[in-house]
2 protein chains.
Amino acid sequence: MQDTDAIDRTILSILSREARIPMKSLAGRIGLSRSATTERVNRLERAGVIRGYRADIGQLDDGQIHAFLLLTLKRTPSLDVLDHLAGFSAVRKVSSVSGQLDLVVEVEVGSINGLNELRDGISAMDNIEDLTTSIVLRRDIERS
Amino acid sequence: MQDTDAIDRTILSILSREARIPMKSLAGRIGLSRSATTERVNRLERAGVIRGYRADIGQLDDGQIHAFLLLTLKRTPSLDVLDHLAGFSAVRKVSSVSGQLDLVVEVEVGSINGLNELRDGISAMDNIEDLTTSIVLRRDIERS
DNA sequence: GGCACATCCGGCATTATGCCGGTTATGCCG
DNA sequence: CGGCATAACCGGCATAATGCCGGATGTGCC
């Protein structure tokens with residue numbers, strides 16, 4: 001999975017901005033034939049370098065609430081906690097981080113009440129030392 | 001921009017996961033003709049609801065470092081700080097949040113040194129009360 | 001040299017797209 | 001009520017993109 005050359009990086013940078021570009025156009029930009037380009041993209045997908053293609057939705061949901069949950073664990077790492085978190089559909093992203101914190105959890109819920117239930121469900125796990133909730137008031141910058 | 005009905009929401013949820021799906025297949029899934037579906041998608045794009053399509057790149061290079069910078073400001077809000085942050089290409093996402101913190105900044109740098117320079121550049125701004133850095137050690141969960 | 005392997009190219013049948021005319025549903029107003 | 005404008009939908013045809021494959025080229029190895 002470490003065999004990404006300069007051409008692959010060009011492909012990734014183009015696809016990360018214009019995921020719906022036809023393979024033929026992509027091929028034209030990088031100076032390869034269509035079939036070679038397609039093969040490279042397929043390889044990147046199979047290797048897991050490209051995980052998928054997403055539409056970038058601009059503030060879809062006035063009703064949606066985004067928040068960061070900053071978790072400190074009693075013992076780390078904790079697969080239990082990760083499994084549990086994965087069970088909540090509201091959980092969008094979980095990152096293990098260095099420092100005082102242990103996990104940064106990004107969530108997306110339909111209501112404050114949903115957020116409260118989520119908090120309760122998470123803090124009920126043993127092995128949770130501390131849970132700080134920061135509701136996203138505004139998304140100031142978001143890139144690709 | 002507020003005229004998104006149930007069908008539009010279905011379209012968005014599908015495209016947010018499978019941005020490269022052919023319009024014909026999308027039409028099949030939502031039970032409309034291809035041309036009606038295409039027209040809806042075009043409208044969503046023109047209205048700015050769909051901002052673009054991105055390939056989801058999984059841990060592109062081992063050389064890339066992701067981190068959360070947790071900022072507390074002296075005075076809030078601060079357009080200066082946002083403008084300044086926007087000037088750093090390493091800055092991927094900035095969210096204004098409630099609570100003790102003020103801003104959650106997600107960054108992506110090529111090296112620890114780059115992270116240090118970024119920290120220095122940010123903490124040099126007046127109006128920064130506190131800056132906590134949490135380097136992402138691992139991405140445990142990431143959804144669409 | 002001869003071989004395996006990876007990468008590339010081009011062509012052809014199939015599939016998707018862009019474009020446009022035509023149909024239906026709805027609301028408005030004389 | 002009838003006429004009219006508008007929005008949203010459908011289907012068809014020419015064009016463009018895709019999937020699939022055989023074959024060429026380059027590189028390392030025995």
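Distance check: A/E129 CD to A/Q100 CD gives 9.0 Å after rounding to the nearest 0.5 Å.
Put simply, CZ on A/R40 is 11 Å from C1' on C/dA6, counting in whole angstrom units. If you measure from atom CG of B/L26 to atom P of C/dA16, you get 13 Å, rounded to the nearest angstrom. Distance CD (B/E39) to C1' (D/dA7): 10 Å, rounded to an integer number of Å. In this entry the distance linking CD1 of B/I30 with P of D/dC10 reads 9 Å, nearest Å.
Between B/I21 and B/R29, the shortest heavy-atom contact is CD1-NH2, 3.6 Å. In plain terms, the two heavy atoms of A/Y53 and A/A19 that are nearest each other are CD2-CB, 3.7 Å.
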Give the C-alpha distance, both sets of side-chain angles, the deciding distance and a yes or no for side chain to side chain contact (heavy atoms under 4.5 Å, CB included) between A/L101 and B/T132.
CA-CA 10 Å; A/L101 290 170; B/T132 301; over 6 Å; no
Produce a footprint string for nucleotides 17-22 of chain D: one letter per nucleotide, 5' end first; B if the base is under 4.0 Å from any protein heavy atom, S if only the sugar-phosphate is, - if neither.
SBBB--
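Pairing for D/dC13 goes to C/dG18, judged as Watson-Crick or G-U wobble with the two contacts each under 3.5 Å.
Distance alone, capped at 3.5 Å, places no donor-acceptor pair between the A/R75 side chain and the A/N127 backbone.
Ion pairing of B/K93 with A/E106 is present here, as a side-chain N (NZ or NE/NH1/NH2) and a carboxylate O approach within less than 4.0 Å.
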